[in-house]
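To start, the structure under review is shown below, and the notes come after it.
The residues of the chain are indexed from 1 along the displayed sequence.
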Amino acid sequence: MWGMGEKYVMEKATSLTEMGRRVAGVLYAVAMAAVIVGLDFVFFRNRFWERLTVNIGVVLVFGAFYWRFLRRPMNQAR
């Protein structure tokens, strides 16, 4: 059914997709860190507890967005 060339192309496409997902995950984490650092410097420079609360909130919002929209479905075939 699958020829050797077609199988190679499918494996290569799958590995590129996985690599793209990893890059997107890293960029997502960098964006979250940039938002946290930006908020800290602009609004909460000398307020420890407010800063901590907002940072936890930002991480929760980013996490919820990731789990809702960006996570790979468990039953998706490779």
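For CZ of F43, the number of neighbouring non-hydrogen atoms (other residues, nucleotides, ligands) closer than 6.0 Å is 12 at most.
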* To do: Could you give me the CA-CA distance, side-chain angles and deciding distance for F62 and V59, then say whether side chain to side chain contact (heavy atoms under 4.5 Å, CB included) is met?
  => CA-CA 5 Å; F62 268 80; V59 169; 5.8 Å; no
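No single ILVMFWY cluster, assembled from side-chain heavy atoms under 4.5 Å apart, contains both V58 and F41. Two different hydrophobic clusters hold V26 and I36 under the rule that ILVMFWY side chains link at heavy-atom gaps under 4.5 Å. Under the 4.5 Å side-chain heavy-atom criterion for grouping Ile, Leu, Val, Met, Phe, Trp and Tyr, I56 is not connected to Y28 through any hydrophobic cluster. F69 and V35 fall within a single hydrophobic cluster, where Ile, Leu, Val, Met, Phe, Trp and Tyr side chains are chained together by heavy-atom contacts under 4.5 Å. Linking ILVMFWY side-chain heavy atoms closer than 4.5 Å, directly or via other members, places F48 and F44 in two distinct hydrophobic clusters.
For the atom pair CG of N55 and CE of M32, the computed distance is 10.0 Å after rounding to the nearest 0.5 Å. Annotation: the span from R51 atom CZ to N46 atom CG amounts to 8.5 Å, rounded to 0.5 Å.
Side-chain N or O atoms of Y66 include none that pairs as donor or acceptor with a backbone N or O of G25 at under 3.5 Å.
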